[in-house]
Amino acid sequence: MAVIADTTTGKIAGRDKDGLLLFAGVPFAAAPVEELRFKAPQPHGGWAGVRDATRFGAVSVQTGDSLAAIGPAPAPEWSEDCLFLNVQTPALDDARRPVMVWIHGGAFVNGTGAIPWYDGANFVRHGDVVVVSINYRLGALGWLELGLLDEEYATSGNNGLLDQIAALRWVGDNIAGFGGDPGNVTIFGESAGAMSVSTLLGTPSAAGLFAKAIAQSGAAHNVTPMDDAAAVAEAFVAELGGGDIEALRTADPDRLLAAQQAVSEAMVAGRLPRRSSSAAGLPFGPVIDGTVLARHPVEAIRDGSASSVPLLTGTNRDEWNLFGLMDRHVDDVDTLVRRLGRFVDRPEALVEAYRTARPGDDFDGLFKAVMTDRVFRLPAIRMAEAQSAYQPEHTFLYLFEYASTAFDGRLGSCHALEIPFVFDNLHRAGTELLTGPEPPQSVATAMHSAWIAFARTGSPAVDALPDWPAYDEGDRATMVVGVPCHLEHDPDAGERLAWSGLI
């Protein structure tokens, strides 16, 4: 039986799914197509009658495999008309429940808010919260800086970020009708989603749209300086065979994807700038464009741009092991220093520090440890340091260390491993490909309940994790999530100190 909800743009019909209400494929902005391609999101014009919201909407055009392909769910439909969100709620009432808005990852080029791993039903069921998941434009369609070609496209390098902001505005305008509290919205995300969450902390136009933030394996360091963004745009246009804005605006999506892939390969091969101010070195993502982002979000956070926002952030102990499955092995110290020299200053000093701290690691293990810290752990620590100055009682840091048994244990505590634990979705088909068989439910219970508690109160302390103090530069209290969970103070301090002046 259909369940009807009112929104500012019209009525929508959702459905009861396992005792909870689901509204899927709800548009939060106009379709960014034709004359709106590469433009900031615009308000949706609305509809007459009742719009069907029982099926997930199309997701942003993308290439390659993503987590969307894991499990038995059918492959989603790709389309430029992709600005949809999904709402899960216990009831359409005035209960003013906490709201959790999920921003998916995928290196800014892959993903969707409708991946089965991201099913928020257990958050709704166990926490009496409202969960929203969103899509946003990916790759060149969301993050290609074209303002230097035509000032009418001055936001194009951050349209994906503006899509996220448009979704948050929709939440603010509509979520009370779905039983949620628009004054208690927590944004949370992983990888590129966490980088987005963190960038939103330093984005002026996002101020006031959320009350709390959770960033899993991604911080505010992953933004592009304008010169590097211009180089990516120049390479992209060249891959299309040249042309003006009109040629870009009318190009077939498959041609855009082919050019996007070529630019990504050029970045990996070292033929494009590796983004000196970015930890991850991705060709697409937020740009310091002077319009949406006037300055680096880390600087903004340090100056109090999100001074009222409690923050929970952290990383996995072996993030880089996932990428290492697809990378060539590092066999000797000279290769290690040379490869790290592409990403960091003072590679020799870093190698010496990590060899001292990890005498049992081979050179490949040292490379993965350094890259884990450079791209993920140190940016998270720097962000927690900055925010703790304004939220000394509500800034928290975690380190996820449960090690996967998949791939003969080679993954360790790798990138994305924590996601099914956070969502308490270990039962979902396909999760065992990353977790291995029989992952510990106790870890999922601890993380899941901590995330709910933080969304409610601004503190992740729960029965499973009762003694989780706030993070500051003196104590550096870090909750280590594993079997068992335990508190450490400044874990791997020597390696953290080796990065002084680098990140």
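None of the values given here were measured: they were computed from a predicted structure.
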Q: Where do A380 and A219 come nearest, in terms of heavy atoms and distance?
A: N-CB, 3.7 Å
Q: Quick one: are Q88 and V132 in side-chain contact, heavy atoms under 4.5 Å?
A: no
Q: From L85 CG over to F23 CZ, what is the distance, rounded to the nearest 0.5 angstrom?
A: 12.0 Å
Q: With distance as the sole test, does D318 use its side chain to make a donor-acceptor pair with the main-chain N or O of N321 at under 3.5 Å?
A: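 The answer is no, because no donor-acceptor pair under 3.5 Å joins these two groups.
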Q: With no hydrogens and no angle check, just 3.5 Å: does a side-chain donor-acceptor pair link Q260 and S264?
A: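 Per modelled atom types, Q260 and S264 side chains form no pair under 3.5 Å.
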Q: From D424 CG over to N122 CG, what is the distance, rounded to the nearest 0.5 angstrom?
A: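 Rounded to the nearest 0.5 Å, the CG-CG separation comes out at 4.5 Å.
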Q: Flag the pair L138 / V59 as yes when at least one side-chain heavy-atom distance between them is below 4.5 Å, and no otherwise.
A: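 No, too far: nothing below the 4.5 Å cut-off.
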Q: What class does the angle between the rings of W320 and F323 fall in, given that below 30° is parallel, 30 to 60° is tilted and above 60° is perpendicular?
A: tilted
Q: Working to the nearest 0.5 Å, report the span between CG of N158 and CD1 of I288.
A: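 That separation rounds to 9.5 Å.
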Q: Does a side-chain heavy-atom distance below 4.5 Å link R377 with D492?
A: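 Yes; the side chains approach each other to less than 4.5 Å.
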Q: Has K212 got a side-chain atom pairing as donor or acceptor with P310's backbone, closer than 3.5 angstrom?
A: no
Q: Under a 3.5 Å distance rule, please check whether S305 uses its side chain to pair with a backbone N or O of A300 as donor and acceptor.
A: yes
Q: Atom NE2 of H221 and atom CD1 of I503: how far apart are they, to the nearest 0.5 Å?
A: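 H221 atom NE2 to I503 atom CD1 measures 6.0 Å (nearest 0.5 Å).
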Q: Write down the atom of G57, the atom of F84, and the distance for their closest heavy-atom approach.
A: CA-CD1, 3.9 Å
Q: Give me the atom names and distance for the closest heavy-atom approach of C82 to N135.
A: O-CB, 3.2 Å
Q: Using the rule given for side-chain contact (heavy atoms from CB on, under 4.5 Å), can you reason through R358 versus E495, listing the C-alpha separation, both sets of side-chain angles and the distance that settles it, and then say yes or no?
A: CA-CA 10 Å; R358 300 168 178 259; E495 295 166 28; 3.1 Å; yes
Q: F421 vs T445, test: side-chain contact (heavy atoms from CB on, under 4.5 Å). Steps then yes/no.
A: CA-CA 8 Å; F421 292 89; T445 299; over 6 Å; no
Q: Judged by modelled atom types alone, do D472 and S388 share a side-chain donor-acceptor pair under 3.5 Å?
A: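 The criterion, which ignores hydrogens and geometry beyond distance, is not satisfied for S388 and D472.
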Q: Any side-chain donor paired with an acceptor under 3.5 Å for N316 and E401?
A: no
Q: Examine distances only and state if a side-chain atom of R410 and a backbone atom of F407 form a donor-acceptor pair shorter than 3.5 Å.
A: yes
Q: Quick check against the 3.5 Å criterion: does N425 have a side-chain atom that pairs as donor or acceptor with the backbone of W117?
A: yes
Q: Any side-chain heavy-atom pair from I165 and L200 closer than 4.5 angstrom?
A: yes
Q: Just so I know, are the side chains of H104 and S133 near enough to count as touching, which here means a heavy-atom distance under 4.5 Å?
A: no
Q: In plain terms, say whether R382 and E385 are close enough for a salt bridge, that is, a side-chain N and a carboxylate O under 4.0 Å apart.
A: yes
Q: Yes or no on side-chain hydrogen bond (donor to acceptor under 3.5 Å, both in side chains) for Q164 and S196, after CA distance, side-chain angles and deciding distance?
A: CA-CA 8 Å; Q164 296 164 11; S196 297; 3.1 Å; yes
Q: Do E319 and S217 have side-chain N/O donor and acceptor atoms under 3.5 Å apart?
A: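 Side chains of E319 and S217: pair found under 3.5 Å.
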Q: Does the gap between the ring centers of F376 and H415 come in under 6.0 Å?
A: yes
Q: Quick one: closest heavy-atom pair of A215 and M383, and the distance?
A: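 Heavy atoms only, the tightest pair is CB-CE, 4.0 Å.
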Q: Counting C-beta onward and ignoring hydrogens, is there a side-chain heavy-atom pair between L311 and Q391 closer than 4.5 Å?
A: no
Q: Is it true that a side-chain atom of N86 and a backbone atom of G25 form a donor plus acceptor pair closer than 3.5 Å?
A: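 Yes, the answer is positive, given that a donor and an acceptor are paired below the 3.5 Å cut-off.
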Q: What are the two closest non-hydrogen atoms of L293 and P286, and how far apart are they?
A: CD1-CB, 4.1 Å
Q: Please check this pair: side chain of H329 against backbone of D331, looking for a donor-acceptor N/O pair closer than 3.5 Å.
A: no
Q: Other residues, nucleotides and ligands only: do more than 12 of their heavy atoms fall within 6.0 Å of CD on E393?
A: no
Q: Quick one: does Q62's side chain have a donor or acceptor within less than 3.5 Å of a partner on S60's backbone?
A: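 Judged by distance alone, yes, a pair lies under 3.5 Å.
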Q: Just wondering, do W451 and P460 contact through their side chains at under 4.5 Å, heavy atoms?
A: no
Q: Between R97 (side chain only) and G180 (backbone N and O only), is there a donor and an acceptor less than 3.5 Å apart?
A: no
Q: For atom CG of D345, decide whether the heavy atoms of other residues, nucleotides or ligands shown that lie under 6.0 angstrom number more than 12.
A: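 Not more than 12 within 6.0 Å, no.
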Q: I'd like to know if R496 pairs up with D490 as an ion pair, taking the criterion as any Lys NZ or Arg NE/NH1/NH2 lying under 4.0 Å from an Asp or Glu carboxylate oxygen.
A: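 Between D490 and R496 there is a salt bridge, with a charged N closer than 4.0 Å to a carboxylate O.
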Q: To the closest 0.5 Å, what do you measure between CH2 (W143) and CG (L282)?
A: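 W143 CH2 to L282 CG: 11.0 Å, rounded to 0.5 Å.
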Q: Given the rule in the side-chain contact (heavy atoms from CB on, under 4.5 Å) test, do V292 and L162 qualify, once you have shown the distances and angles that lead to the verdict?
A: CA-CA 8 Å; V292 179; L162 292 178; 3.9 Å; yes
Q: For L21 and D16: C-alpha separation, side-chain torsions, deciding distance, then whether side-chain contact (heavy atoms from CB on, under 4.5 Å) applies.
A: CA-CA 5 Å; L21 302 183; D16 185 304; 4.3 Å; yes
Q: Taking NZ, NE, NH1 and NH2 as the nitrogens, is one of them in R339 or D364 under 4.0 Å from a carboxylate oxygen of the other?
A: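 No, this pair does not count.
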Q: Would you give the length of the straight line joining atom CZ of R137 to atom CG of D163, rounded to the nearest 0.5 angstrom?
A: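 It is 4.0 Å, given to the nearest 0.5 Å.
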Q: Is there a donor-acceptor pair closer than 3.5 Å between any side-chain N or O of S500 and the backbone N or O of L497?
A: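 Yes; judged by distance alone, with no hydrogens or angles, the pair exists.
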Q: Side chains of I381 and R476: closer than 4.5 Å at any heavy-atom pair?
A: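 Heavy-atom side-chain distance check passes, below 4.5 Å.
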Q: Identify, with sequence neighbours excluded, every residue that meets ring-ring contact (aromatic ring centres under 6.0 Å, His included) alongside F123.
A: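 ring-ring contact (aromatic ring centres under 6.0 Å, His included) list for F123, sorted by chain: F188, F423, H448.
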Q: Establish, yes or no, whether the cationic atom of R374 lies under 6.0 Å from the six-membered ring centre of F343 and within 45° of the ring axis.
A: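 Negative - R374 is either too far from the ring of F343 or too far off its axis.
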Q: Work out which heavy atom in G314 is nearest to a heavy atom in L397; give both atom names and the distance.
A: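 Where G314 meets L397 most closely, the heavy atoms are CA-CD1, 4.2 Å.
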Q: Is a donor from one side chain sitting under 3.5 angstrom from an acceptor on the other, for Y354 and D361?
A: no
Q: For atom CG of D408, decide whether the heavy atoms of other residues, nucleotides or ligands shown that lie under 6.0 angstrom number more than 12.
A: no
